[in-house]
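Below, chains carry the letters A, B, ... as their sequence lines are ordered, and counting in each starts from 1. Values below: all heavy atoms of this structure, side chains included; hydrogens, waters and symmetry mates excluded.
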Amino acid sequence: MSMQIPTLETRRLVLRGPEPEDYPDFKATFTSYRARFMGGPLNAYEAWMLYAAEIGHWQIRGYGMWMIHDKASGDTFGMAGGWKPAKWPEAEIAWVIWPDRGGKGYALEATHAVRGYLYDQLGWETAVSYIDPKNLDSIRLAERLGAAKDHDAATIDGNDAVYRHPAPAEIMGSQLAHGIEMEISHYADPLFKPKGWAID
Amino acid sequence: MTLIKTPTLETDRLILRGPKASDAEAFMAFYATERSQFTGGPMTPRQAWNFFGTEIGHWAIHGFGMFIVTRKGSDAPLGIVGHWYPWGWPEKEVGWVLFEAASEGQGIAFEAAKACVDHAWRVLKWPTIVSYIAHGNDASVALAKRLGALLDEEAVQPKPETPGYVYRHPRPEGLA
């Protein structure tokens, strides 16, 4: 078996396939309280098994979760990508940012790039994100990405809310896309002050 | 990143190859049954699917892992046998599972496990090899003995809260 995981570059980030040397950062988050909305906290054995499964997901589905790296330092900030384990009603766009890396717009920048890849390169026509209703940060991010709660869509187990992302045609060249780019620009260069927020 | 290539092992009757997406169904079916009680099961389909992903990721992380066992001339997955070293395992293990009872009693697990023990000595150059076997798994104890492995009561347990047997494989004479 052999497959190549594509590398995605954004303004501040490089997204690569998860490598063995990135595991300690993953383990730190998934054995912590941060993982409470993602099936955790896990013990060290469970975290390793899940990390290996994240890599295996790529081989099985042909897509998966990228590791988000800082372009400048190479440090990891979290993960974002496509996720569809067994019994998932639909393919999901998912993300996690390490607890000490939040608030910088990395999830927005990474997830925007990932969604573009899944739509443009893999031909996804729609995507959802399954979010714990108590996970306010992720709900907020879903909304900044233009996703809206889909009350009719099947949930994983009834304990999650389904946020449906805008379709590819709704993003391409849209005010939404410009708003996301503008927000990322603001994070990347705090001196850049857009006049008002396109989405808020 | 490239998920590394897996080698193929050949025995008299079998081909041992890397796991692929189409094997997931057989793997999940096994983990839905009581047959899996000695190897971490039974588990839900979702858990089993993730575990199958783990089997593949193990290859990417370590460069070795578990092979899918097939008969020559058929690609159908009969079981999963090979090299296993998840987080927290005290030592590297050769493990084996046959998915269906119908595949037992033909020496398939023995033939596959023997090839993997040999591969561990000669190619992976492991200094020592164990097999962790749950209490009550008489069929696997019998197979370990047939492979020449001996119970090592001093060995560290992989899961001290649920201790099992640790069988240690004898190093072949004349191995460089």
Side-chain angles (χ1 to χ4, degrees), chain A residues 1-8 14-24 26-28 30-31 38-40 42-67 69 76 79 81-89 92 130 156-157 160, chain B residues 1-8 16-29 31-32 39-41 43-68 75 77 80 84-90 132 157-162:
Chain A
M1 69 174 202
S2 175
M3 76 167 296
Q4 189 84 34
I5 297 178
T7 297
L8 309 184
V14 179
L15 279 58
R16 295 195 204 97
E19 297 281 356
E21 59 264 29
D22 305 327
Y23 172 63
F26 177 92
K27 178 186 171 188
F30 276 84
T31 54
M38 299 168 282
L42 305 178
N43 66 35
Y45 176 79
E46 292 166 336
W48 191 90
M49 298 290 274
L50 178 60
Y51 191 67
E54 304 255 0
I55 298 171
H57 188 292
W58 275 100
Q59 184 72 26
I60 298 169
R61 298 288 193 218
Y63 58 86
M65 298 293 285
W66 279 270
M67 187 63 68
H69 294 263
T76 68
M79 299 180 84
W83 189 240
K84 192 176 189 298
K87 308 296 175 188
W88 243 229
E92 176 183 19
Y130 299 108
I156 298 169
D157 57 16
D160 49 293
Chain B
M1 132 178 213
T2 304
L3 300 181
I4 51 87
K5 284 187 190 303
T6 55
T8 298
L16 279 57
R17 58 162 176 79
K20 56 188 182 184
S22 57
D23 302 320
E25 288 301 322
F27 188 87
M28 290 163 68
Y31 271 102
T39 53
M43 51 181 84
T44 67
R46 194 183 299 166
Q47 289 170 325
W49 193 89
N50 278 4
F51 190 20
F52 184 71
T54 302
E55 302 274 359
I56 294 174
H58 186 291
W59 275 102
I61 291 170
H62 288 311
F64 60 82
M66 299 289 281
F67 296 90
I68 292 292
D75 197 45
I80 188 160
W84 189 235
Y85 190 49
W87 186 92
W89 247 224
Y132 297 121
Q157 292 282 340
K159 294 184 175 177
E161 67 281 8
T162 52

Counting heavy-atom pairs closer than 4.5 Å to chain B, which one of Arg61(A), His57(A), Met67(A) comes out on top? Arg61(A)
Which heavy atom of Pro20(A) sits nearest to which heavy atom of Ala60(B), and what is that distance? CG-O, 4.0 Å
Is His58(B) close to Ile55(A) at the side-chain level, that is, under 4.5 Å between some pair of heavy atoms? no
Between atom CG of Asn43(A) and atom CH2 of Trp87(B), what is the distance when rounded to the nearest 0.5 Å? 7.5 Å
Within the supplied structure, the quantity of interest is the number of heavy atoms (other residues, nucleotides, ligands) at a distance under 6.0 Å from Gln47(B) CD; does it exceed 12? yes
Rounded to the nearest 0.5 angstrom, the CD-CD distance for Gln59(A) and Glu55(B) is 13.5 Å
Closest approach of Pro45(B) and Ala86(A), non-hydrogen atoms and distance? O-CB, 3.9 Å
Does Trp48(A) reach the side chain of Ile61(B), with side-chain heavy atoms less than 4.5 Å apart? yes
Does the Thr54(B) side chain pair with the main chain of Ala52(A), one donor and one acceptor, at a distance under 3.5 Å? no
Could you measure the distance from the CD1 atom of Ile60(A) to the CH2 atom of Trp49(B)? Nearest 0.5 Å is fine. 4.5 Å
How long is the straight-line distance from CH2 of Trp58(A) back to CD1 of Ile56(B), given to the nearest 0.5 Å? 14.0 Å
Report the option among Glu21(A), Met49(A), Lys87(A) that has the most heavy-atom pairs separated by less than 4.5 Å from atoms of chain B. Met49(A)
